[in-house]
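Every chain is numbered from 1 and lettered A, B, ... according to where its sequence line falls, protein lines coming before strand lines.
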Amino acid sequence: MNYNVNEKGYYGDFGGAYIPEMLYPNVEELRQNYLKIMQEADFQKEFHELLREYVGRPTPLYYAKRFSEKYGTKVYLKREDLCHTGAHKVNNTIGQILMAQRLGKKRIIAETGAGQHGVATATVCALMGLECIVYMGAIDIKRQAPNVARMKMLGAKVIPAESGSKTLKDATNEAIRDWISNPTDTHYIIGSVVGPHPYPDMVARFQSVISTEVKKQLQEKENRDTPDYVVACVGGGSNAAGLYYHYLDNPKVGIIAVEAAGKGIDSGESAATSALGKEGIIHGSKTLLMQTPDGQITEPYSISAGLDYPGVGPMHAHLFRSKRGEFISVTDADAMQAGLELSKLEGIIPAIETAHALAIFKDRKFKKDDVVVVNLSGRGDKDLNTYIEYFDLA
Amino acid sequence: MNRINKKMQEGKKLLSIYFTAGYPDIEDTMPTLEALQENGVDMVEIGLPFSDPLADGPTIQESSTHALKNGMTTAKLFEQLKDVRKTIDIPLIIMGYFNPVLQYGIEDFCAKCKEIGIDGMILPDLPLAEYELHYKDIFEKNDLKFIFLITPQTSDERIRQIDQASDSFIYMVSTASTTGATSGFSNVQRDYFERIASLNLKNPQIVGFGIKDSETFITATKNAKGAIIGSAFIKHITEHGVEKIDDFVSKIR
Ligand SMILES: Cc1ncc(COP(=O)(O)O)c(C=O)c1O
């Protein structure tokens, strides 16, 4: 079986471009050009130069000795938290801003939940001198004040999404509506492997630099370029797609996707899409999403704003349905403990999204000489307030 | 012959109205339809409310959210429309988003539409390629006309493809915007209306988005066969309720 996208824009049953006609010219322009542009020598040169000089790549593949000892296996952390702006999100925004420039776009829009993607977009817009508008749910603006301030400092305009439930899915709706109303000069930088084809594939390709580096680094450290497992948290699925990318078709590498169970799968307050979702259409893609029996999209819940999305990218929906991926969900409480534990064992404070991926070791046992690579997708600075309140650290 | 096709043969310019089912009150669906027909409206789009209406502006978003809070569902709409053909004989089109239709089951949904006497469907997020790849046969089997949108940015080549795939009318979106734009029509729209007229398409065109009064109706239908009013009508019933529909319709033409 093939786990990457096919020529029609599908991953198995999932994907496609379920968009209103108003978006067709923009999405079609992107579809016809993205692969060609990405392959151009000058694009590759500029992309990799920026990743090296500006983002700080390659990020280390760090052997977490004390964490490994505690769980009786070999755990490597791919340090995306050390990227400029503090998470993997910037790999994608660097790629997409170069794409937007080559398509002649002058105005950039984006959606954001936790604010990480908004900050990464505002950053590259400042770098390139392009106008930047970020849609963010009115509730998230309150929850993530430091990131809102960062975006403003970087020159972006932050527009609150007041519709629906006022969180990430509504911010995405508002960004799409903006694009409908600005059909010629605007590029929409989607923040994950979601949305209509070609977005999931384009974002996965930009994030695949993670997987490329892991192969090389493992070769140096372990004398083989394949781990036994790759583990990542999944909101929309971009940091996971980036880590899995070159291992998708290698059955010797186990793929583990970690979703947010919130207060528990059956609590009614969860964001575990694979467990709770059904096939449907969200934001232009056929995929798994949380919805009522009547097909209304429901509001997810997670303590981490970056995992608080009712859908999952079509690649991950396919990994789930085909059973290629092992899907585990982790509660708020277990994630918070894992975040605290990594801080104490390794001196690394992870983002709460990332902490979900670290929490699986408590119950999911690995063999002593298994090599497990965990994507440390982001740092915890943005989450300090949540950590402080949760553990009463003040 | 399908009621939509029959209607397109009438000599006059057609007035079509969109409203959200189950709004303002859950039981307003049938009274609204009856009042629209009584006041001479030619065709109706019945909006099936959705939680995430991407192509809609604030007015229709809010009416949809409100209708869902009222308890509107697909099954409830079909129940309300069960005997619609006893009193209503103008063409009826269901307009909504694809996800609720998929969850109901697309085969069941279309069969139910046929049973009730629905004539067509507008699902803005089911585009031409996906329609032709997976769903065309189901709609055709149930004599449901699938209506495609075009916009000022749609290329002539694609308009011709859409014309080929259509067999009722083409929904001509007037401006690059979501529903409920209020800016009126400029020369850009007038040029667009004339460009489309000059293509001599086999399907008539009905203009929608931004039609709100007699003036915009007249401009839009100078070349096109008719026009659709949505947000302006929703605003009217929000303020005046469904009892005063005659006030609104009589001012349009
Ligand atoms: C640090 C971090 N990790 C993970 C995610 C989840 O997104 P994705 O699944 O696209 O990697 C986010 C989203 O904001 C994030 O900030």
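Atom NZ of A:Lys106 sits in a sparse spot, with 12 or fewer heavy atoms from other residues, nucleotides or ligands closer than 6.0 Å.
Between the A:Gln291 side chain and the B:Pro100 main chain, no donor and acceptor come within less than 3.5 Å of each other.
Closest non-hydrogen pair, B:Gln103 versus A:Pro293, comes out as CB-O, 3.7 Å. Looking at every heavy atom in both residues, B:Leu102 comes nearest to A:Gly280 through CD1-CA, 4.4 Å. Contact between A:Ala17 and B:Pro127 at its shortest, heavy atoms only, is O-CG, 3.2 Å. Residues A:Ile281 and B:Asn99 share a closest heavy-atom pair of N-OD1, 2.9 Å. The shortest heavy-atom contact between A:Lys169 and B:Asp52 is NZ-OD2, 2.9 Å. Looking at every heavy atom in both residues, B:Ser177 comes nearest to A:Met22 through O-CE, 4.3 Å.
Of the residues considered (B:Pro49, B:Pro124, B:Pro152, B:Ala129), B:Pro124 shows the highest number of contacts with chain A, using heavy-atom pairs under 4.5 Å. By number of non-hydrogen pairs under 4.5 angstrom with chain A, the leading residue of B:Val101, B:Leu68, B:Thr65 is B:Leu68. Of all the listed residues (A:Asn173, A:Thr298, A:Asp170), the one sharing the greatest number of non-hydrogen pairs under 4.5 Å with chain B is A:Asn173.
The CD atom of B:Gln61 sits 11.5 Å away from the CD atom of A:Glu162 when rounded to the nearest 0.5 Å.
Between B:His134 and A:Tyr10, the two ring planes are perpendicular [angle over 60°; tilted spans 30° to 60°].
Using a 4.5 Å cut-off between heavy atoms, B:Tyr104 does not touch chain A at all. Proximity to chain B is limited to the side chain of A:Leu289, based on heavy atoms less than 4.5 angstrom apart. At a 4.5 Å heavy-atom cutoff, the contact between B:Leu133 and chain A is made by side-chain atoms alone. If you measure heavy-atom distances from A:Glu28 to chain B, you find no contacts under 4.5 Å at all. Looking at A:Tyr24, only its side chain comes within 4.5 Å of chain B, counting heavy atoms on both sides. At a 4.5 Å heavy-atom cutoff, B:Tyr171 makes no contact with chain A through either its backbone or its side chain.
Salt bridge present: B:Arg158 and A:Glu21 bring a charged side-chain N and a carboxylate O closer than 4.0 Å.
For the side chain to side chain contact (heavy atoms under 4.5 Å, CB included) test with B:Leu54, the passing option among A:Ile19, A:Ile282, A:Ile176 is A:Ile176; the others fail.
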